[in-house]
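What follows is a short report on a single structure.
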Amino acid sequence: MPLSKAPGDVSRRLEYSVAPEAISSANAVYQARKNLEDEIADNLRVVARLRSRLNTLTPIARLPPELLAAIFAHYIAQFPKTASTHYYKWLQVTHVCSRWRHAALAFPTLWAHIVLPADPECVDEMLLRSGAAPLSVSASYSRMRWSQSTEDPECLALTMHHLSRIQHLWLSAPPHILELLWDESDDPASLESLMLISDTFPFDPVHGPASQRLTIPILFPVSRAPRLRSLAVHNYPICWDTLSSLSSLRHLKIRNNKRDHGPIFMSKLISELEKIPALESLALDTIFRTDEEATGRILALSHLQSLELAGDMSRCVDFLNHLTLPSNIRLVIRCDGNDVQALSRALAAKVSQPKRKPLKSLYVYELGGDFHLHAYEHDHRQLFASLRSPRSLFDVEAPIFDDAESTLSIVCAGRGIHITAILLAMCKALPLANAQSLFVSGEMMAHERMWLETFGKMKNLSALWVHEDAGTVSLSKALLRRQTRPHGISKDRPESYYFPHLRLLKLHGLRFRTVDEYWGDEYGAFALSLLDCLTDRAKHGAKISKLILKTCINMEKDDVEYLRKHVGSVIWDHVEDYDDRVEEDDVVDEDEDDDEDNDQDDDIHD
């Protein structure tokens with residue numbers, strides 16, 4: 001350490017204990033060291049400037065700041081906005097070099113998303129750097145965390161002081177925490193979307209019954225949020241008089257899974273929704289119940305593009321029967337119950353309108369005991385023809401698409417439902433004559449009659465994707481079956497097959513033969529029935545021109561080659577997978593062989 005930086009009392013002691021010549025010499029050494037240190041610092045600054053100039057020669061350094069900020073924005077979007085510990089890791093990008101840091105600081109919108117809980121200093125700096133940019137705020141607090149923290153209230157209060165420029169607000173917390181926010185806050189004049197999630201128990205011993213506390217004070221008076229377009233509320237008793245006065249509202253989602261929050265009567269729900277005629281999307285989850293006053297009333301939502309209902313099947317049906325909907329409406333129903341025929345009739349009335357686009361692709365499957373049906377207006381034949389599959393849904397890959405793409409989605413919970421009855425009722429009621437692509441998975445297709453009664457009217461079907469247990473001998477028999485000749489058609493004209501335009505068959509995860517057939521070196525009942533089906537249709541002008549085999553079980557290369565001799569175009573993924581029992585038997589046989597070898601060795605030694 002230089003002498004000049006020593007404490008004053010130490011310097012004075014040195015003056016009395018060291019000779020003047022030594023002090024003069026020490027000062028000279030200090031001055032020499034200081035000069036060298038200053039020269040090193042100057043050189044380091046020169047090197048830094050040179051490195052900075054060198055960096056300007058790299059391709060990325062030639063990007064304008066606006067484009068660099070856009071890249072940062074895409075990078076930031078990858079971080080989850082529900083966990084602050086992960087979200088703020090994006091700040092590391094500003095530590096790469098001074099140019100990147102200056103570019104980030106020059107664009108306030110990069111700093112305009114606040115995720116809470118977080119360190120108060122971090123939040124304060126984010127708010128400062130965001131300037132006057134519109135804010136997005138995501139906050140999630142549990143009762144336990146809030147009661148044990150002194151920083152959380154400070155951060156939330158600090159953020160809510162900027163309520164006037166918050167554009168998107170997502171809050172998950174016990175209600176008594178949310179009630180503390182509004183009194184000293186500015187009006188939410190810029191607020192466009194609001195999500196409130198009540199994280200509470202039915203009864204809070206400190207703050208009283210939840211049903212008496214859950215209100216939405218941010219909306220009082222309504223003029224405080226004149227630009228609000230999207231509102232999502234979970235587990236709040238809704239003040240419908242307030243919501244229905246929001247003339248700017250276009251998207252409404254209400255969910256109620258708390259037992260102490262009573263549902264609204266159907267008649268009241270219809271009356272309040274009539275006051276929001278401009279709604280474009282509506283999602284209601286377990287929030288209404290039927291009453292006699294709603295009988296005969298019809299609600300017209302002419303601008304609605306998406307409707308999602310969840311809850312008891314009979315209540316969902318009742319609400320659908322009260323609605324007049326546009327022809328292009330997207331429907332999502334998640335329900336439990338057994339009123340299947342009523343649900344199928346109600347859905348058919350909504351999706352069978354003349355102006356509606358025809359359904360081109362259909363997916364039906366059983367998952368976890370629940371029934372799933374998803375219909376699309378888009379043709380998915382190109383996807384069916386590929387060996388690659390979208391992200392996994394089952395143990396073996398199977399397709400699942402973004403719900404936003406589906407025209408109709410139905411999920412029926414498996415508690416006491418009869419999946420076969422649901423499938424029959426839905427497919428008979430829905431307009432499926434123009435469907436060209438069909439995906440089927442589950443044990444519900446165990447009989448030939450099920451295939452024909454469920455999908456027999458799909459005369460334009462050209463691509464069939466069969467997954468796991470749906471692929472049995474019943475499939476081959478159904479494809480071999482011919483339709484009854486219509487009345488008035490000459491008997492000389494041959495009867496046509498069901499699915500006469502079927503050209504692509506994809507078998508995915510099927511058992512090509514049973515374990516017994518495998519060990520008996522037999523071709524197998526399913527394999528033989530499939531071969532008969534393919535060859536017979538080819539002879540009579542209804543050839544299935546492409547067969548795709550993906551991850552089939554107990555099937556080997558020789559089996560594929562045998563199919564190619566009789567079918568022609570067979571695409572195989574070259575995966576040889578075997579039933580668990582086959583693998584176990586392999587191990588047993590190896591052990592038995594070892595025992596036989598040991599017995600022979602014993603005989604030799606004897």
Using only atom types and a distance under 3.5 Å, with no angle test, would you say the side chain of [X] pairs donor to acceptor with the backbone of [Y]?
| X | Y | result |
| --- | --- | --- |
| R129 | A104 | no |
| D124 | P120 | no |
| K350 | L323 | yes |
| R289 | I264 | no |
| S193 | S230 | no |
| H418 | A421 | yes |
| S437 | A463 | no |
| S130 | L127 | yes |
| R356 | S327 | yes |
| R229 | R227 | no |

Salt bridge check: are [X] and [Y] linked by an N-O gap of less than 4.0 Å?
| X | Y | result |
| --- | --- | --- |
| K360 | E377 | no |
| R297 | E274 | yes |
| K268 | E293 | no |

Got a sec: does the CD of E121 have more than 12 other heavy atoms crowding it under 6.0 Å? no

Might you confirm whether atom NE2 of H95 has over 12 heavy atoms from other residues, nucleotides or ligands at distances under 6.0 Å? yes

Separation between [atom1] of [X] and [atom2] of [Y], rounded to the nearest 0.5 Å:
| X | Y | atom1 | atom2 | answer |
| --- | --- | --- | --- | --- |
| E192 | L228 | CD | CG | 9.0 Å |
| H322 | L273 | NE2 | CG | 12.0 Å |
| R101 | T94 | CZ | OG1 | 5.0 Å |
| L171 | L156 | CG | CG | 6.5 Å |
| F72 | F107 | CZ | CZ | 10.0 Å |
| I422 | N338 | CD1 | CG | 7.5 Å |

Residue pair E125, C122: steps toward the side chain to side chain contact (heavy atoms under 4.5 Å, CB included) verdict: CA-CA 5 Å; E125 192 65 28; C122 175; 5.9 Å; no

With heavy-atom distances below 4.5 Å as the criterion, would you say the side chains of [X] and [Y] are in contact?
| X | Y | value |
| --- | --- | --- |
| V351 | P431 | yes |
| M195 | S172 | no |
| R255 | I287 | no |
| E280 | H251 | yes |
| F319 | M266 | yes |
| L320 | L307 | yes |
| L430 | L373 | yes |
| N434 | L432 | no |

Provide the closest heavy-atom pair for [X] versus [Y] in the form atom of the first, atom of the second, distance.
| X | Y | result |
| --- | --- | --- |
| M426 | L343 | CE-CD2, 3.4 Å |
| T286 | G311 | OG1-CA, 4.1 Å |
| L279 | L249 | CD2-O, 4.1 Å |
| A118 | C155 | O-SG, 3.0 Å |
| V440 | A470 | O-CB, 3.7 Å |
| M313 | G337 | CE-O, 3.4 Å |

Would you say the rings of [Y] and [X] are close, in the sense that their centroids are separated by under 6.0 Å?
| X | Y | value |
| --- | --- | --- |
| F384 | W465 | yes |
| F265 | F288 | no |
| F439 | H374 | no |
| F371 | Y365 | no |

Just by distance, with hydrogens left out, do Y87 and H113 show a side-chain donor and acceptor under 3.5 Å apart? no

Please assess N256 against I254 for the test side chain to side chain contact (heavy atoms under 4.5 Å, CB included), listing each intermediate value before the final yes or no. CA-CA 7 Å; N256 176 22; I254 303 174; 5.6 Å; no

What's the verdict on side chain to side chain contact (heavy atoms under 4.5 Å, CB included) for S406 and R330, showing C-alpha distance, side-chain angles and the deciding distance? CA-CA 7 Å; S406 65; R330 171 180 171 266; 3.9 Å; yes

Could you check F79 against Y88 for ring-ring contact (aromatic ring centres under 6.0 Å, His included), going step by step and ending with a plain yes or no? CA-CA 8 Å; F79 289 85; Y88 290 112; 9.9 Å; no

Show, in sequence, the C-alpha distance, side-chain angles and deciding distance for S190 and S164, and conclude whether the side chain to side chain contact (heavy atoms under 4.5 Å, CB included) test is met. CA-CA 6 Å; S190 301; S164 60; 5.9 Å; no

Run the numbers on D339 and S314 for side chain to side chain donor-acceptor pair (under 3.5 Å), then give the verdict. CA-CA 6 Å; D339 200 358; S314 60; 5.7 Å; no

